[in-house]
Structures are given as structure tokens and as C-alpha cells.
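To start, the structure under review is shown below, and the notes come after it.
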Amino acid sequence: MRAIRFERAGGPDVLALVEGADPEVGPGEVLVDVEHAGVNFIDTYHRSGLYPVPLPGGIGLEGVGVVRAVGADVVDRHPGQRVAWADRLGSYADVVTVPAGRTVVVPDGLDPATACALMLQGMTAHYLVASTFPLGEGQTALVYAAAGGVGRLLVQLAAQRGARVLACTSTEEKAAAVRALGAAETIPYRDVDVAARVRELTDGVGADVVYDSVGAATWAASLAAARPRGTVVFYGNASGPVPPLDLQELARHGSLFTTRPRLGDHVVTTEELTWRAGVLFDLAAAGRLDVRIHGHRPLSGAAAAQTELESGTTSGKLLLDPAA
Ligand code: NDP
């Protein structure tokens with residue numbers, strides 16, 4: 001097998017391509033030939049040490065591929081089936097073992113790259129609009145990094161629920177892209193007073209919910225942009241983590257609610273995982289989700305791919321293709 005591994009936390013140069021024997025499939029697992037591994041921001045946090053992982057070790061959580069073999073006790077997966085997953089550390093590889101219950105079956109006819117794009121980023125967008133703050137008709141949602149991997153899907157799912165999406169992007173090109181996906185308004189968030197602009201757009205009220213994935217650079221504006229008794233969801237750290245928060249800030253901004261959710265807590269059971277992925281697969285199969293693949297890179301280009309994601313220049317899903 002070929003896989004990306006690292007021995008110490010650091011910059012992209014700590015990632016190395018190594019070769020070794022294929023893994024043995026254990027009880028309850030499937031052995032999968034990986035077609036695409038997803039590159040996600042959380043992989044950069046694992047690499048940098050912001051979220052420590054056991055070292056030396058593999059990297060990457062998400063992938064799609066074809067089952068080569070199944071372990072003892074596995075009854076509902078079989079060789080030749082295409083499956084996808086979102087929480088198998090070590091997924092930047094050409095072959096992996098995954099617990100069968102942490103995989104979902106990719107329906108025939110759904111492009112594997114699309115299925116991969118819908119796993120970690122798609123299910124995150126889904127839990128944000130369906131569970132963290134169940135968005136309803138006519139509510140206003142402020143979405144940061146709206147043209148990113150999670151962001152593009154979040155804009156679409158929020159708009160489909162009837163919400164009015166105010167989308168923050170760094171460039172006009174990204175703004176045009178998210179308007180086409182259903183954003184009602186776009187905000188060049190790095191150049192304007194976001195809270196003031198949100199008040200202008202909401203008759204002075206503020207947003208019902210703020211989805212902030214940028215973190216350090218935007219958290220204060222996010223609190224100021226929410227309406228009294230609104231909800232601010234801090235779900236990412238693209239610019240660095242949110243500093244410790246003084247709870248009095250929530251009072252000062254109008255009895256706000258806030259949370260720091262993780263995907264792992266929203267796909268706890270196989271049933272929940274299957275539900276969220278299934279909703280997204282159905283929407284994509286029906287042509288109701290615009291899933292953009294930003295690009296395909298070879299496995300040996302993992303470090304460069306992470307650098308590309310961290311540069312903020314991608315829009316949509318970045319994939320590693322072990323066969324390339
Ligand atoms: P994106 O494709 O959204 O890329 C990150 C985007 O963040 C960039 O494109 C850029 O958009 C914006 N950004 C703002 N500041 C910076 C900065 N300093 N450096 C780099 N980018 C910056 O990535 P993902 O879709 O993979 O992830 C988006 C966020 O969602 C991440 O913060 C990630 O941690 C989080 N996440 C959280 C999960 C959870 O369950 N809590 C699960 C999955 C992802 P722009 O140019 O518009 O500013």
C-alpha cells in the first residue's frame with residue numbers, strides 16, 4: 001500500500017508518502033481500495049497539532065472506494081460495493097480498513113467524487129441547518145466562507161429550507177458563485193463592518209443564526225451580527241481558534257446562544273450517519289445540489305493540496321486520487 005504518514009506535528013512538509021504491506025481486514029471491518037480521499041481543514045489541524053492525533057500515524061478522515069474484502073461478522077457489505085466514510089484517520093492512502101458501520105453505501109449512478117464531497121463537508125452542512133439550528137422559512141442565516149467546501153453546501157441547504165442567506169466571501173468571483181447557489185445577499189467580509197452590513201440588510205434586527213467557520217478573525221463580528229436571542233455557531237478555525245469567550249459578551253449582545261459543534265457528535269450511530277449521507281446523496285442524485293469538485297491531486301501531492309486548501313483559494317472539494 002501507499003499512504004501519507006507523519007511523525008511530528010508541523011507544516012505541510014512533515015507529510016511523507018510511504019509504502020508498506022496492505023492492511024489486514026479485521027472483524028467488523030471492510031478493506032477498501034480508495035478511489036478518492038477528501039482533503040479537509042481538519043486534516044491541517046491534525047497535521048499542525050491544533051487537534052493532536054497519535055504519532056507517528058496516518059492522516060485524512062474521508063474517502064470513497066470499492067470494497068475488496070470484508071471481515072468476520074460483516075453481513076451488509078460485500079466485495080465490489082462502493083462505500084464512503086468520513087471518520088477513518090489515515091484515509092490519505094490507496095487502501096484502508098474502515099469499520100463497516102462507519103461506511104455508507106454509495107448509490108449506483110452517483111459519481112464517487114461527488115459522494116466523497118458530500119461526506120465530511122456535506123454532513124457538516126446538513127447538521128448545521130437541520131440539528132444545530134433547525135432553519136425555517138424566512139429566517140436569516142449569516143454564512144462565512146460561503147464559497148468553501150462546507151460553505152457552498154451550507155448556502156444551498158439553508159436556501160432550500162426557505163432561509164434568507166447572507167453570504168460572506170473574500171472575492172467578487174466567490175460572491176457571484178454563491179449568489180448562483182441561492183444566497184440572497186453577499187458581504188465582502190474582509191473589507192466591511194459585517195455587523196453593520198447585516199443590520200442594514202435586516203432592518204436593524206440582525207441575523208437569526210450566524211455560521212462562523214473562520215474563528216479568530218471574525219468571532220467578535222459574529223456576536224455583533226446576531227439578533228437579540230439569536231444563535232452564533234462557531235464551527236471552524238480557518239483563521240485560528242476563537243479565544244476564550246466571556247459569557248457576559250452573550251448578555252451584552254442580547255442574550256445570545258452559542259455553541260461549538262463537531263461532526264462526530266452528529267453522526268454517532270450508523271443510523272444517523274446513514275440518514276445524513278442519504279439525504280445528501282438523494283438531493284445530489286435528483287440534481288438539487290450543485291457539488292463542485294475544486295480539483296484532483298495525486299496522493300504524492302498531499303502536502304501541496306493542504307497548502308492549497310489553507311491558502312483560501314479553493315472553492316469546493318479538493319480530492320487526492322491514489323491511482324493518479
Ligand atoms: P473551505 O473550503 O471553507 O476553506 C476555508 C475557507 O475559509 C477559505 O476558502 C476562505 O474563504 C476562509 N478563510 C478565512 N480566513 C482564512 C484563513 N486565514 N486561511 C484560510 N482560509 C480562510 O474549507 P472546509 O470546507 O474544509 O472547512 C471550512 C471550515 O469548516 C473549517 O474551518 C473547518 O474546520 C470547519 N469544519 C468544521 C466541522 C465541524 O463539524 N465543526 C466539520 C467540517 C469542517 P474566503 O476566501 O471566502 O475567506
Taken in chain and number order and not counting sequence neighbours, the residues that satisfy side-chain hydrogen bond (donor to acceptor under 3.5 Å, both in side chains) with Thr313 are Ser311
ring-ring contact (aromatic ring centres under 6.0 Å, His included) filter on Phe41, not counting sequence neighbours, yields Tyr45
From CA spacing to verdict: side-chain contact (heavy atoms from CB on, under 4.5 Å), Arg77, Val83:
CA-CA 9 Å; Arg77 299 288 181 271; Val83 294; 3.9 Å; yes
Value for CG (Leu153) from CZ (Arg292), rounded to nearest 0.5 Å, stands at 12.0 Å
Residue pairs passing the salt bridge (Lys or Arg N to Asp or Glu O under 4.0 Å) test with at least one member in residues 271-284, sequence neighbours excluded, are Glu272-Arg276
One should read off an interatomic distance between Asp193 CG and Arg199 CZ, to the nearest 0.5 angstrom, of 10.0 Å
Sorted by chain and residue number, the salt bridge (Lys or Arg N to Asp or Glu O under 4.0 Å) partners of Arg82 (sequence neighbours excluded) come out as Glu35
Residue set satisfying side-chain hydrogen bond (donor to acceptor under 3.5 Å, both in side chains) with Thr186, at least two apart, ordered chain then number -> Arg179
For Glu249, the side-chain contact (heavy atoms from CB on, under 4.5 Å) test, sequence neighbours excluded, returns Leu223, Leu245, Asp246, Arg252, His253
Contacts table for residues 49-63: side-chain donor-acceptor under 3.5 angstrom, sequence neighbours left out:
from, atom 1, to, atom 2, distance (Å)
Tyr51, OH, Asn237, ND2, 2.8
Tyr51, OH, Arg260, NH2, 2.9
Glu62, OE1, Asn40, ND2, 3.0
Glu62, OE1, Lys317, NZ, 2.7
Glu62, OE2, Leu120, N, 2.6

With side chains defined as the heavy atoms from C-beta onward, is the minimum distance between Leu142 and Cys168 less than 4.5 Å? yes
State yes or no: do Val165 and Leu201 share one hydrophobic cluster built from I, L, V, M, F, W and Y residues joined by side-chain heavy-atom distances below 4.5 Å, directly or via other members? no
For Arg297, the salt bridge (Lys or Arg N to Asp or Glu O under 4.0 Å) test, sequence neighbours excluded, returns Glu308
Hits for ring-ring contact (aromatic ring centres under 6.0 Å, His included) against His266, two or more places apart or cross-chain, chain-then-number order -> Tyr127
Practice problem: Examine Ile187 and Trp219 and state if one hydrophobic cluster contains both, with Ile, Leu, Val, Met, Phe, Trp and Tyr joined whenever side-chain heavy atoms are less than 4.5 Å apart. | Solution: yes
Residue pairs passing the side chain to side chain donor-acceptor pair (under 3.5 Å) test with at least one member in residues 134-155, sequence neighbours excluded, are Tyr144-Ser222, Arg152-Asp290
The salt bridge (Lys or Arg N to Asp or Glu O under 4.0 Å) partners of Arg102 (sequence neighbours excluded) come to Asp87
One should read off an interatomic distance between Thr202 OG1 and Arg164 CZ, to the nearest 0.5 angstrom, of 7.0 Å
Separation between OH (Tyr92) and CZ (Arg47), nearest 0.5 Å, reads 9.0 Å
One should read off an interatomic distance between Leu157 CG and Leu280 CG, to the nearest 0.5 angstrom, of 6.0 Å
The reported gap from CD in Gln121 to CG in Leu154 (rounded to nearest 0.5 angstrom) is 11.5 Å
Show me the donor-acceptor pairs, under 3.5 Å and distance only, between side chains in residues 3-28 and residues at least two apart or in other chains.
from, atom 1, to, atom 2, distance (Å)
Asp22, OD1, Met1, N, 3.0
Asp22, OD2, Arg68, NH1, 3.1
Asp22, OD2, Arg68, NH2, 3.4

